[in-house]
Amino acid sequence: MTSLDQVVATFASHLRSARHVVTLTGAGISAESGIPTFRDAQTGLWSHFNPEELASPAGFARDPALVWRWYAERRVKACAAQPNPAHYALAQLADLVPQLTLITQNIDGLHQRAGSRNVIELHGSLHRARCTVDGSIHSTWDYEEELPCCPNCGGLLRPDVVWFGEMLPRAALETAWAAALNCDVFMSIGTSGVVEPAASLPRIALSRHATVLILNLEQETAARPPLFTIYGKAGEMLPQLVAAAFHQ
Ligand code: APR
């Protein structure tokens, strides 16, 4: 048995007996679907723009049409992409454990397309727009318009995503916080864990003696219960973990 096999087997045994599993996902889980991460998206036409300026209230106030063009392109790419085995493994896991809370920092909608329900979107969604005047939420709007307008009040719509310097949606954050406090297994997948407050969630879970797994491309594989780290691709490792826990 390699050390990776050992980590998978040991973590799988925790997963098998878990009552409440929390998964926190980031850009890395969609990388194998071909969705570029935030910074990788700055290619071609967009390479001259600073993403932190495009994704900010000040950037939108300065040039809303430019910001809408950027989000429209990201939305088209997300719609063209397909969920990968990591998204499907998490959707399957929800049916295998008594309770699963799926929290994501991604805005691409791929978890839902893989079949996950009740996804907690901390950073909003590419597939929704919000009226800057009356706050109403829209799942369809005139995609041809440079500056789409609210069908209710005519106000300017904006992407329903969280921009730099903005608060996270309160209800989503509270649910995520409560889940981290009350879970017995926490899995952080494909996130660098540098953006707060999502970065605090695994620490909260650890402080409550949950078993925590960090899975991304940067960590070294190690088993130091209750903190496990696996270096690997989510699309390969998650199906392996679910199989090791429930199908062997
Ligand atoms: N499998 C697992 N992990 C992966 C894979 C993969 N195939 N590919 C990349 N990763 C890991 C990387 O090792 C890295 O740790 O995913 C992580 C991606 O980190 P970020 O690009 O920082 O993404 P994320 O953590 O989601 O960023 C958080 O910051 O840029 C803002 O608002 C944006 O929601 C985003 C937030």
Side-chain angles (χ1 to χ4, degrees), residues 1 3-26 28-29 85-106 111-112 114-122 168-216 218-248:
M1 238 196 193
S3 70
L4 176 61
D5 292 338
Q6 268 163 13
V7 175
V8 169
T10 315
F11 183 77
S13 70
H14 288 274
L15 202 50
R16 192 160 41 237
S17 55
R19 286 172 299 101
H20 182 184
V21 177
V22 171
T23 60
L24 168 68
T25 66
I29 199 167
H87 297 104
Y88 287 114
L90 292 187
Q92 191 191 7
L93 185 60
D95 295 330
L96 296 169
V97 296
Q99 187 181 357
L100 184 129
T101 305
L102 199 169
I103 307 163
T104 189
Q105 298 168 91
N106 297 343
H111 283 302
Q112 289 89 336
S116 286
R117 295 173 300 275
N118 304 319
V119 178
I120 300 175
E121 295 178 315
L122 287 180
L168 271 66
R170 193 186 167 128
L173 189 56
E174 281 175 2
T175 309
W177 214 263
L181 279 169
N182 292 308
C183 67
D184 44 8
V185 169
F186 187 104
M187 302 162 77
S188 168
I189 303 152
T191 172
S192 51
V194 290
V195 176
E196 288 292 349
S200 298
L201 295 172
R203 282 198 292 276
I204 293 173
L206 265 185
S207 77
R208 300 287 282 236
H209 309 294
T211 300
V212 174
L213 169 72
I214 309 284
L215 165 56
N216 66 26
E218 277 123 32
Q219 302 288 332
E220 284 186 18
T221 301
R224 295 185 300 278
L227 177 62
F228 293 83
T229 61
I230 293 180
Y231 163 88
K233 288 186 171 178
E236 291 168 10
M237 296 314 305
L238 280 179
Q240 246 188 70
L241 281 168
V242 172
F246 297 100
H247 304 315
Q248 280 179 356

Do His87 and Leu238 pass the side-chain contact (heavy atoms from CB on, under 4.5 Å) test, and can you show the C-alpha distance, the side-chain angles, and the key distance before you say yes or no? CA-CA 9 Å; His87 297 104; Leu238 280 179; over 6 Å; no

Would you please test Leu201 and Ile204 for side-chain contact (heavy atoms from CB on, under 4.5 Å) and show each step? CA-CA 5 Å; Leu201 295 172; Ile204 293 173; 4.3 Å; yes

Can you name the side-chain hydrogen bond (donor to acceptor under 3.5 Å, both in side chains) partners of Thr191, sequence neighbours left out? Gln105

Distance, nearest 0.5 Å, that separates CG of Asn216 from OH of Tyr231: 9.5 Å

Sorted by first residue and then second, give each salt bridge (Lys or Arg N to Asp or Glu O under 4.0 Å) pair with at least one member in residues 184-193; sequence neighbours left out. Arg19-Asp184

Applied to residues 172-181, the side-chain hydrogen bond (donor to acceptor under 3.5 Å, both in side chains) test, sequence neighbours excluded, yields Arg170-Glu174

Side chain to side chain contact (heavy atoms under 4.5 Å, CB included) filter on Ala205, not counting sequence neighbours, yields Cys183, Phe186, Ala210, Val212

For the CG atom of Leu213 and the CG atom of Leu15, what is their distance to the nearest 0.5 Å? 9.0 Å

Could you measure the distance from the CE atom of Met187 to the CD1 atom of Ile214? Nearest 0.5 Å is fine. 11.0 Å

Go through the steps for Thr101 and Asn182 under the test side-chain contact (heavy atoms from CB on, under 4.5 Å), then give the verdict. CA-CA 11 Å; Thr101 305; Asn182 292 308; over 6 Å; no

Set of residues satisfying side chain to side chain contact (heavy atoms under 4.5 Å, CB included) with respect to Pro85, sequence neighbours excluded: Pro239

To the nearest 0.5 Å, what is the distance between NE2 (His111) and OG1 (Thr23)? 6.5 Å

Hits for salt bridge (charged side-chain N to carboxylate O under 4.0 Å, His left out) against Arg203, two or more places apart or cross-chain, chain-then-number order -> Glu196

